[in-house]
Amino acid sequence: MCLYFRFNECTLQINNLKSLESVIRDSISLTELSLSRTNLGDTGVQIVSNFQTLLPNLKIIKLASVNMSDIGMVHLTESLTHCKSVEDIDLSSNAIGEKGRQSLIRLLMQRRNFHAVNVCDCGFSMTSEEGKMFLSQLSKSPNLQKINLQNMSLDDSSLLLLCQALPRLLSIRKLILSFNGIGDVNMAFLPNLKCLKKIKLSQCNISTVGGLNLATTLQQCPLVEEIDLSGNNFENKTTSHLFTALSQVKHLKVLQ
């Protein structure tokens, strides 16, 4: 019984995908389909979209960096509307235009059962109304376990929207906000995320003062195991105080 197909970083031809479809028809137990960093293109994505409906137990689809544009994204999101079992999608690093991004927002409006949605480096900017709409719809998914907003141009208004939304998402386990210039934003809401285990805030222009405040807040998070604060503006003379404060996080296993 096959539970997952992983063809990451492979060179795939269209005839390969058609052969794969015949195999998948006999693999109804499949839960994960991963084709990231391949040369699928829009034609390949459309073929994958067609045969994912044959998989009643499919939960994870990974199509990061597959040269997908609006055409492929629209076809994929239409298919996902009917493929109710899929909970985790990775579509990052694809050159998606406005039409494709809007189709993803419509998908989030129609389906609230996603556990993870990764669209980093797909053209979304949280400073735009489109970006704020995406964030608003994402925040209405009560089962969401992972939020990845890395390098998505978070500004004050989108951060405020995020801070208001996160306390309602009680299932969040991993929060990634790296490569956003968020500075010393108040994250007092973090202790409300009772399931939070990993938080990544690398390259976010956080100062030592902001880091110390964050450390005090994270001490109140019962399950946090991994914290990434690399690449921030910590002063050498006070870094030891910061690490001492972070070491008080009860279940911490990894600190960067």
Side-chain angles (χ1 to χ4, degrees), residues 59-62 64 73 76-77 80-81 83-92 94 96 98-202 204 206 214 217-218 220-224 226-228:
K59 294 184 179 297
I60 301 171
I61 294 179
K62 295 186 178 182
M73 178 66 93
L76 178 65
T77 53
L80 285 169
T81 301
C83 194
K84 305 292 186 181
S85 63
V86 174
E87 301 170 342
D88 184 334
I89 54 176
D90 183 356
L91 309 174
S92 58
N94 285 292
I96 307 302
E98 181 179 358
K99 189 174 181 180
R101 296 193 298 268
Q102 289 294 332
S103 71
L104 179 61
I105 291 173
R106 287 194 297 273
L107 173 66
L108 293 175
M109 294 174 68
Q110 294 168 346
R111 287 191 47 196
R112 305 294 190 193
N113 67 323
F114 285 109
H115 289 183
V117 178
N118 187 353
V119 290
C120 294
D121 299 315
C122 282
F124 274 108
S125 170
M126 295 300 108
T127 62
S128 67
E129 289 305 312
E130 178 187 71
K132 292 180 175 65
M133 177 64 73
F134 167 76
L135 186 57
S136 175
Q137 294 304 321
L138 195 66
S139 69
K140 294 175 183 177
S141 300
N143 299 321
L144 205 62
Q145 296 179 7
K146 177 180 176 181
I147 290 184
N148 188 340
L149 299 177
Q150 178 173 300
N151 195 27
M152 293 181 76
S153 304
L154 286 167
D155 62 359
D156 290 343
S157 59
S158 54
L159 274 172
L160 177 61
L161 182 60
L162 179 65
C163 291
Q164 292 171 341
L166 279 173
R168 300 195 300 268
L169 300 175
L170 301 181
S171 297
I172 290 293
R173 297 180 182 179
K174 187 172 184 179
L175 179 61
I176 303 174
L177 302 177
S178 299
F179 296 94
N180 287 291
I182 61 178
D184 297 334
V185 63
N186 186 344
M187 292 196 175
F189 60 85
L190 287 176
N192 295 323
L193 306 180
K194 302 299 183 184
C195 295
L196 186 65
K197 290 189 174 183
K198 297 180 181 181
I199 181 166
K200 295 192 174 186
L201 294 165
S202 60
C204 283
I206 301 173
L214 179 61
T217 300
L218 288 171
Q220 304 170 55
C221 298
L223 299 178
V224 168
E226 182 176 332
I227 301 171
D228 183 359

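This one's a predicted model, so the numbers in the text were calculated from it and none came from an experiment.
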Discussion item. When you measure from the side chain of T77 to the backbone of M73, do you find a donor-acceptor pair of N or O atoms at a distance under 3.5 Å?
Written reply: yes
Discussion item. How long is the straight-line distance from CG of L201 back to CG of N180, given to the nearest 0.5 Å?
Written reply: 9.5 Å
Item to complete: Side-chain contact test, heavy atoms from C-beta onward, threshold under 4.5 Å: evaluate it for M187 versus L214 and give yes or no.
Response: yes
Discussion item. Please report the interatomic distance CG(L177) to CG(N148), rounded to the nearest 0.5 Å.
Written reply: 8.5 Å
Discussion item. side-chain contact (heavy atoms from CB on, under 4.5 Å) for L104 and I96? Distances and angles first, verdict last.
Written reply: CA-CA 10 Å; L104 179 61; I96 307 302; over 6 Å; no
Worksheet item: About how many Å separate SG of C204 and CD1 of I182, when rounded to the nearest 0.5 Å?
Response: 4.0 Å
Item to complete: Quick one: pull up CD1 in I199 and SG in C221 and give me the separation to the nearest 0.5 Å.
Response: 7.5 Å
Fill in: Rounded distance (nearest 0.5 Å) linking atom OG of S139 with atom CZ of F134
10.0 Å
Fill in: V117 side chain reached by V119 side chain, heavy atoms, under 4.5 Å
yes
Practice prompt. Check the pair L138 / L108 against side-chain contact (heavy atoms from CB on, under 4.5 Å), numbers first and verdict last.
Written response: CA-CA 7 Å; L138 195 66; L108 293 175; 4.3 Å; yes
Worksheet item: side-chain hydrogen bond (donor to acceptor under 3.5 Å, both in side chains) with T127: which residues, sequence neighbours excluded?
Response: S125
Item to complete: Given side-chain contact (heavy atoms from CB on, under 4.5 Å), test C120 with Q150 step by step and report yes or no.
Response: CA-CA 6 Å; C120 294; Q150 178 173 300; 3.9 Å; yes
Worksheet item: Quick one: side-chain hydrogen bond (donor to acceptor under 3.5 Å, both in side chains) partners of K132, sequence neighbours excluded?
Response: S157
Response to the item:
Taken in chain and number order and not counting sequence neighbours, the residues that satisfy side-chain contact (heavy atoms from CB on, under 4.5 Å) with I60 are E32, K62, D88
Worksheet item: Under a 4.5 Å cut-off applied to non-hydrogen side-chain atoms, are L196 and L223 in contact?
Response: no
Item to complete: Please identify each residue that fulfils side-chain hydrogen bond (donor to acceptor under 3.5 Å, both in side chains) with S92, with sequence neighbours left out.
Response: D90
Item to complete: Mind checking the CG-CG spacing from D121 to N94? Nearest 0.5 Å is all I need.
Response: 10.0 Å
Discussion item. By the salt bridge (Lys or Arg N to Asp or Glu O under 4.0 Å) test, which pairs, at least two apart or in different chains, include something from residues 162-180?
Written reply: none
Item to complete: For S171, check side-chain contact (heavy atoms from CB on, under 4.5 Å) against everything at least two apart and list the hits.
Response: Q145
Worksheet item: Looking at side-chain heavy atoms only, is the closest gap between N118 and L91 below 4.5 Å?
Response: no
Practice prompt. Kindly state each residue pair satisfying salt bridge (Lys or Arg N to Asp or Glu O under 4.0 Å) with at least one member in residues 176-197, sequence neighbours excluded.
Written response: none
Discussion item. Looking at M133, is its backbone amide N or carbonyl O close enough to the side chain of S136 to form a donor-acceptor pair, meaning the two atoms are under 3.5 Å apart?
Written reply: no
Worksheet item: Is the shortest heavy-atom distance from the side chain of M109 to the side chain of K140 under 4.5 Å?
Response: no
Fill in: Side chain to side chain, I176 and I147, heavy atoms closer than 4.5 Å
no
Worksheet entry | Check against side-chain contact (heavy atoms from CB on, under 4.5 Å), H115 and L144 | CA-CA 4 Å; H115 289 183; L144 205 62; 5.8 Å; no
Item to complete: Could you pull out all residues at least two apart from K59 that satisfy side-chain contact (heavy atoms from CB on, under 4.5 Å)?
Response: E87
Worksheet item: According to the salt bridge (Lys or Arg N to Asp or Glu O under 4.0 Å) rule, which pairs have a member within residues 98-116, sequence neighbours left out?
Response: R101-E130
Worksheet entry | Those residues that, when tested against T81, pass side-chain hydrogen bond (donor to acceptor under 3.5 Å, both in side chains) (two or more places apart) | Q110
Worksheet item: Are the side chain of S128 and the backbone of G131 linked by a donor-acceptor contact shorter than 3.5 Å?
Response: yes
Worksheet entry | Test side-chain contact (heavy atoms from CB on, under 4.5 Å) applied to S202 - qualifying residues, sequence neighbours left out | S178, F179, D228, S230
Worksheet item: Do side-chain atoms of N113 reach the backbone of K84 as a donor and acceptor pair under 3.5 angstrom?
Response: yes
Practice prompt. Using ring pair (Phe, Tyr, Trp, His ring centres under 6.0 Å) as the criterion, list what pairs up with F114, not counting sequence neighbours.
Written response: none
